[in-house]
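These notes concern the structure reproduced below.
Letters go in sequence order (proteins before strands), and every chain restarts at 1.
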Protein chains: 2
Amino acid sequence: MNKAVDVSCMCGKCGDCPIYNRTVCRAGTTDAMAQLNRIAHQRTYPRGSVIQAQGETCDIVGNIFDGVIKLSSSSVNGDDHIVGLLFPSDFFGRLFAEESRFSYEAATDVSLCAISRPAFERFLADHPEVEHEMHKAKLDELDAAREWAAITNGHTTMQRVATLIYVFSRRSENQHLRGDAARHPIVHVPLSRRDIADYLGTTPETLSRNIQMLSRNDVIRIVDSKHFELLDSAELIRYSGESREDLNRIAAH
Amino acid sequence: MNKAVDVSCMCGKCGDCPIYNRTVCRAGTTDAMAQLNRIAHQRTYPRGSVIQAQGETCDIVGNIFDGVIKLSSSSVNGDDHIVGLLFPSDFFGRLFAEESRFSYEAATDVSLCAISRPAFERFLADHPEVEHEMHKAKLDELDAAREWAAITNGHTTMQRVATLIYVFSRRSENQHLRGDAARHPIVHVPLSRRDIADYLGTTPETLSRNIQMLSRNDVIRIVDSKHFELLDSAELIRYSGESREDLNRIAAH
DNA sequence: CGGGTTGTTGACTTCCATCAAATTCGGTGG
DNA sequence: CCACCGAATTTGATGGAAGTCAACAACCCG
């Protein structure tokens, strides 16, 4: 197998690309990356826009550059359920399928590297070492999806809420904290209450009650609707009903 | 890419293999299959035995020949959740990972073609066209897992029960029906009530109540605890809260 | 023929979805 | 800058679905 070379991302402006060190961008050789650069292009979507609708033909795939994409399935009755969230450096889109079973929607403003699906499939056929990396990443994603399914099922809403906040606290850990280092970390959850509720399989009302409860019990402080100060990490873990190790494994994604 | 040849299954006794026409056994060339035959071997597990424990090193992978494997995640409190079921011709095991996040247990007596994981990974490295097929199969599995997660979340227990029975009715459709063709189909659900409950994210008690309810309303007739006569398919679909098309897509797996 | 497992039924309680109303927030134009 | 509007969030009150505890029946297997 060719040695992977740490080269530029396929987005085309890779000097300052923050996500260059993952899956696709890491596995390919310099030649492969050059090839990718020719077929990839940057795009942005405003919050709320649909990148790929459920049941439509799958046109594009790619890497998320910035923002959060929600992967959701909506049934006939109008109530939809979010089955996954995609973050920067995650791959989005459905390879090797004509139509998408889920919709990909921008939960925040999103910018991404897009590639035409057929073009990327041809690229993968030429570069099995890249497909191998994609395959491994998908196996991890499958494990994560199942792990999340196990959580949303066997647990109370409060446990799910606590788990979510903890996972997001780990995710935003390496970002700049407001104020001095001695302060408690600020957790940023860039989703609306409705989106969080859809992800956790509950309603905005019940979600709000649980968040307020955590606040009343001094586990978190609500800075604004999308920012929480984490006052008592150990207590949050207790509310989640999971062990710290399990939580960290989930957060690792 | 090499042309796929419709050859024998890797289990080694392929003349009468009932599952030869899927993923691995279909994608490889004759040479590849011969190579597989050398490293694969048949094995059987009695009902209830653990094929691969959660957190243990992943030794073996392979194809299921007969029986049902449950893929479950158990938390510290002892309550475990079934995150997936694997049927004949499904691939089991976790490639490219040192330890398994889930346990693979025989829900019924199981016989399978087993291959050492490292040996199979070397095989895949030599045969990218087979890895490509594995990759595609996993993408389908990921979709199915997410679809199931959406079902277990947004729906009532009765809807989940109805969905499960319908899916199993489609699955056992091509098997021999008892009695004459005019009779209603017999649905075989080879799982214990506890396993079904764990899969649906409920309790044996609630599950039992719902099954009895379907029986009282003449949707099904309970032949014995694992066999149901499907009296009114349309009514079952109504109870499931899904459209017939969605159900069939789910059943297609 | 017992004893243990599995499945069913009943009574009670808790959690959460629902409906409804109040409040806050974000943006827009005066 | 402030007033205003609509959307998002929070709070309150209520009913229903389902989990829990407990007892019982059916089944399997030695």
Review point. Quick one: does A:Leu200's side chain get under 4.5 Å of A:Trp148's, heavy atoms only?
Key: yes

**Study point:** Close side-chain approach of B:Arg194 to B:Leu207, heavy-atom, < 4.5 Å
**Key:** no

Can you tell me if [X] and [Y] form a side-chain donor-acceptor pair at under 3.5 Å?
X        : Y        : result
B:Ser100 : B:Glu56  : no
B:Asn153 : A:Thr152 : yes
B:Tyr239 : B:Asn210 : no

Exercise for review: Could you tell me from which nucleotide to which nucleotide of DNA chain C, 5' to 3', there is an atom under 4.0 Å from chain A heavy atoms?
Suggested key: C:dC16 to C:dC19

Check your understanding: Would one find more than 12 heavy atoms of other residues, nucleotides or ligands at under 6.0 Å from atom CZ of B:Arg249?
Key -> yes

Review point. Between A:Arg160 and A:Glu205, which has a closest nucleotide on DNA chain C that is more 5'?
Key: A:Arg160

Check your understanding: How would you label the contact of A:Gly201 with the nucleic acid (heavy atoms, under 4.0 Å): base, sugar-phosphate, or nothing?
Key -> sugar-phosphate

Revision key, fill the gap. With a 4.0 Å cut-off (strictly under) to non-hydrogen atoms of chain A, the first and last hit nts on DNA chain D, 5' to 3', are D:dT9 to D:dA13

Check your understanding: Salt-bridged, B:Arg146 to B:Asp143, with N to O below 4.0 Å?
Key -> no

Review point. Is the shortest side-chain N to carboxylate O distance from A:Glu99 to A:Arg94 below 4.0 Å?
Key: no

Study note, to complete from the structure: Residues B:Ile51 and B:Ala106: closest non-hydrogen pair is CD1-N, 4.2 Å

Practice item. Please confirm whether B:Arg171 makes a cation-pi placement over B:Phe87, using NZ or CZ under 6.0 Å from the six-membered ring centre and within 45° of the ring normal. Key: yes

Practice item. Determine to 10° how strongly the helix from C:dC1-D:dG30 to C:dG30-D:dC1 is bent, judged from the axes of its five-pair ends. Key: 40°

